Protein chains: 2
Amino acid sequence: MKLSRKVPLNALRVFEAVARHRGFSRAAEELGMTQTAVSYQIKLLEDHVGEQLFLRQPRQIVNTETAERMLPDVTRAFELLNDAMVSARQASNETLEIHSSPTFASHWLARNLGSFQLDYPSIAVRLLRVSKITDFNRDPADISIRWGVGPWPDLDCHLLGRFSFAPMLSPALAETIGGVSSPEDLLKLPIIGAGQGSWQTWFATVGVPAPDLSGHTRHNYVEQDLCGNAALAGQGVAILNHIFFSEDLASGRLIAPFNQYCTDDIGIWLVHPKSRRNTPKIKAFREWVIQAVASDMQRTEPKPPQA
Amino acid sequence: MKLSRKVPLNALRVFEAVARHRGFSRAAEELGMTQTAVSYQIKLLEDHVGEQLFLRQPRQIVNTETAERMLPDVTRAFELLNDAMVSARQASNETLEIHSSPTFASHWLARNLGSFQLDYPSIAVRLLRVSKITDFNRDPADISIRWGVGPWPDLDCHLLGRFSFAPMLSPALAETIGGVSSPEDLLKLPIIGAGQGSWQTWFATVGVPAPDLSGHTRHNYVEQDLCGNAALAGQGVAILNHIFFSEDLASGRLIAPFNQYCTDDIGIWLVHPKSRRNTPKIKAFREWVIQAVASDMQRTEPKPPQA
DNA sequence: CTGGCGCCATAAAGAGAACTTATGCATGAA
DNA sequence: TTCATGCATAAGTTCTCTTTATGGCGCCAG
């Protein structure tokens, strides 16, 4: 059954305009439709009500008693609906909820988000560190930032970058074994996040046969920022992205004993539901972050080693 | 405050039901549509708002903040619209505005309307005596009762009856000429409403050659009830419908010296706009009056003379 | 852990409401 | 009278909305 069979909403909207303008043609102009369509809708409503609503007099129409009685409520109702829509639409541009991988949140967004907020002062950002992959059907997120190899189906996916990584550790820890000069030296130290494929990738890149890291189970964090914290605390050597720890390297809190950086097929992606591609706040953030990460990479990313 | 014609009203109604039921399928059932249609409308609304309104979780949906913010206003708005429709529809059954020929109003409705109101106590009748023919485009009438020969185009027309008429006068006036025994005697008296065709019709019926009534311009009323009043006042002889003056005849205030009644092609009609044929109050009155007039005629109408 | 069930999404197709174009008619003004 | 204004009607078109059909996902019971 047609929804408008019960209460003809569109007809009521037309009615409201006609009653205000005292004329079909004028109402039609406001509503952006033809006079004919207005006539049709009014007749429809009159049939529903069972009562004439307007007396058609030359030059203008006159509201009947019934129309006058209905008008205040109808006007008020459409004001409410309008308000609800407007405020919702505004709210939708006001708060941006980002569910980000903890590492990216702590080591990149935390440092760079300020510039986005300066560019878009009207958008309030709510930033959540999430480890579980965001399901837009369950979480009220606008945007998710996640690690992964490739685009996910049914989502708009934008690759922010595949970042260089290399082993890093605290200078103090390096001293305990008299400094680190060869990749094999690392094996004398606790390996943080030993289960990560990047360790194998890195050793392969520097020409060391795949070492057995199965003994290094002590600090097997999944999240890179935890690995980073452990490394900073001198608990071992971790394989970290340069871009996320560039400040720690610059300040000397961490060192990367080998200038041998490499990448793999895991990248950081920005994803959001396809349908919301053009929502202003989403579009604004997407364009900003893609540009900002690219420019950060260009500035700080080390050259990958020659194969 | 102009309401953009892009506000998706039907979607908002669906939204309201979904938010209340916390489920598309349940809302669909209430609205009498399929779950698919609900899904479609919600997506439509979400696109307009630019914001997810419901989180789809297994077994139920959850309103987002945006939805919660919109809900009170939307609910209230639809209450108002509903109220406006209901009260208008009720009002339309509450008051019946009848624009009637003065004669019928005074000499028939005034006597018989009580029985209609007993039958339909919820309908308040507003009865207006109007001489000018009712134009439903200009007057807020529900029903018009008028004299005429035949159906009018574009209107629902119901013939109530073609009534017998004959000359009538007050007994006192008759005495002034020693009683009225032949049709020609009437010409000694002032003729009321001499311009009416019924006089010619009646004289023809009783076999009197069409008399020249052009001298009788004193009481040339158009409305029969005025003619009747003049006749009651003894100002002359009028040609009147039996049905409208049966009580005056019965009480002796008027006499019809000849039992020669006749009719012509002019009748009393009940008319109303075609589109409102089935409006309850109109239907009720129409059926009542047709029946009531018919039964009154059967009871009181004199037999027309043999030609 | 497997199959049934509840609930929502998507695709395709169809119905029918709503809109437009074209035209006519009535009224009041120039 | 003629023109301009404003609404009604008819016919044809557009496109929103709906339904039917199908599939996925998560929960629960056996």
Side-chain angles (χ1 to χ4, degrees), chain A residues 1-15 17-19 21-48 52-64 132-133 135-139 152-155 273-276, chain B residues 5-15 17-19 21-48 52-63 133 135-139 153-155 273-275:
Chain A
M1 163 165 66
K2 210 80 182 188
L3 203 48
S4 44
R5 286 250 161 81
K6 297 174 154 184
V7 175
L9 296 175
N10 287 311
L12 281 169
R13 169 162 50 194
V14 173
F15 161 80
V18 170
H21 285 291
R22 316 246 139 178
F24 287 17
S25 304
R26 286 179 289 278
E29 191 176 7
E30 170 181 309
L31 296 168
M33 50 207 272
T34 59
Q35 165 266 317
T36 310
V38 171
S39 179
Y40 171 85
Q41 294 285 356
I42 293 300
K43 173 172 291 184
L44 203 75
L45 185 60
E46 286 179 335
D47 285 352
H48 271 278
Q52 192 121 348
L53 293 170
F54 301 108
L55 300 178
R56 279 72 161 176
Q57 297 189 339
R59 248 52 194 174
Q60 67 165 12
I61 53 94
V62 174
N63 303 358
T64 62
K132 223 173 37 160
I133 202 164
D135 176 352
F136 289 100
N137 287 334
R138 306 196 148 212
D139 308 308
W152 289 262
D154 304 324
L155 291 171
K274 277 188 172 159
S275 60
R276 307 189 60 201
Chain B
R5 94 192 214 82
K6 293 202 70 185
V7 175
L9 295 174
N10 287 315
L12 281 169
R13 170 160 52 196
V14 173
F15 161 80
V18 170
H21 285 290
R22 315 248 141 175
F24 288 16
S25 304
R26 286 180 290 278
E29 190 175 6
E30 168 182 308
L31 295 168
M33 51 206 278
T34 59
Q35 166 266 316
T36 310
V38 172
S39 179
Y40 171 87
Q41 294 285 355
I42 294 300
K43 173 171 290 186
L44 204 74
L45 185 60
E46 287 179 333
D47 285 351
H48 271 278
Q52 192 121 349
L53 293 170
F54 300 109
L55 299 178
R56 280 73 162 176
Q57 297 190 340
R59 247 52 192 175
Q60 67 165 13
I61 53 96
V62 174
N63 304 356
I133 203 164
D135 175 353
F136 288 100
N137 286 335
R138 307 197 145 209
D139 308 309
D154 303 324
L155 291 171
K274 276 185 172 161
S275 60

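In what follows, every chain begins at residue 1, and chains take the letters A, B, ... in the order their sequences are listed. These figures come from a predicted structure and were not determined experimentally. No hydrogens, no waters, no symmetry mates; every other heavy atom, side chains included, goes into these values.
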- Item | Side-chain donor/acceptor of A:Gln41 to base of C:dA18, under 3.5 Å | no
ask   = Any side-chain N or O of A:Thr34 under 4.0 Å from OP1/OP2 of C:dC19?
value = no
Notebook entry, point to check: If only side-chain N and O atoms of A:Lys43 are considered, is one of them under 4.0 Å from the OP1 or OP2 phosphate oxygen of D:dT9?
Noted result: yes
In whole angstroms, the gap separating C1' of D:dA8 from CG of A:Leu53 amounts to 16 Å
When rounded to whole Å, the CG to P distance for the pair A:Leu44 and C:dA17 reads 9 Å
Problem - Check: B:Val18 and B:Leu53 side chains under 4.5 Å, non-hydrogen atoms - result: no
Q.
Walk me through whether A:Asn63 and A:Leu55 qualify under side chain to side chain contact (heavy atoms under 4.5 Å, CB included).
A. CA-CA 6 Å; A:Asn63 303 358; A:Leu55 300 178; over 6 Å; no
| said: Does B:Lys274 form a side chain to side chain contact (heavy atoms under 4.5 Å, CB included) with B:Leu155? I'd like the steps, not just the answer. | reply: CA-CA 5 Å; B:Lys274 276 185 172 161; B:Leu155 291 171; 5.6 Å; no
Could you go over nucleotides 2-5 of chain D and give all protein N or O partners under 3.5 Å, atom names and distances?
from, atom 1, to, atom 2, distance (Å)
D:dT5, O4', A:Arg59, NH2, 3.4
D:dT5, O2, A:Arg59, NH1, 3.3

- Query: Is the backbone of A:Phe24 close enough, under 3.5 Å, to the side chain of A:Gln35 for a donor and an acceptor to pair up by distance?
  - Reply: no
Rounded to whole Å, CD of B:Glu29 lies from P of C:dC8 at a distance of 12 Å
Side chain to side chain contact (heavy atoms under 4.5 Å, CB included) test vs B:Pro8 passes for just one of B:His48, B:Arg13, B:Gln41, namely B:His48
Among the nucleotides D:dA8, C:dA17, D:dC17, whichever has the atom closest to the side chain of A:Tyr40 is C:dA17
Taken to the nearest whole Å, CZ/A:Phe54 to C1'/D:dG6 is 15 Å
- Would you mind classifying the nucleic acid contact of A:Phe24 as base, sugar-phosphate or nothing, using non-hydrogen atoms under 4.0 angstrom? sugar-phosphate
Take B:Val62 and B:Arg56, measure what side chain to side chain contact (heavy atoms under 4.5 Å, CB included) needs, and give me the verdict at the end. CA-CA 7 Å; B:Val62 174; B:Arg56 280 73 162 176; over 6 Å; no
What N/O pairs connect the protein and nucleotides 11-14 of chain D at under 3.5 Å? Give each pair on its own line.
none

Out of C:dT20, D:dC7, C:dA9, minimum distance to the side chain of A:Met33 belongs to C:dT20
Closest non-hydrogen contact found for A:Gly23 with A:Ile61 is N-CG1, 3.6 Å
Considering only heavy side-chain atoms of A:Ser25, the closest of D:dC7, D:dT18, C:dC19 is D:dC7
When rounded to whole Å, the CG to C1' distance for the pair B:Leu9 and C:dA17 reads 15 Å
Quiz item: Checking side chain to side chain contact (heavy atoms under 4.5 Å, CB included) for the pair A:Tyr40/A:Thr36: CA distance, chi angles, key distance, verdict?
Solution: CA-CA 6 Å; A:Tyr40 171 85; A:Thr36 310; 5.8 Å; no
In whole angstroms, the gap separating C1' of D:dC7 from CG of B:Asp135 amounts to 13 Å
Under 4.0 Å: is that the gap between some side-chain N or O of B:Arg56 and OP1 or OP2 of C:dA9? yes
To the nearest angstrom, the CG-P distance between A:Leu55 and D:dC7 comes to 13 Å
By nearest-heavy-atom nucleotide on DNA chain C, the more 5' of B:Gln35 and A:Gln35 is B:Gln35
Check whether any side-chain N or O of B:Arg26 sits under 3.5 Å from a backbone N or O of B:His21 as a donor-acceptor pair, and report yes or no.
yes
Report yes if the side chains of A:Glu29 and A:Ser25 come closer than 4.5 Å at any heavy-atom pair, otherwise no.
-> no
B:Gln57 CD to D:dG24 C1', in whole Å, measures 17 Å
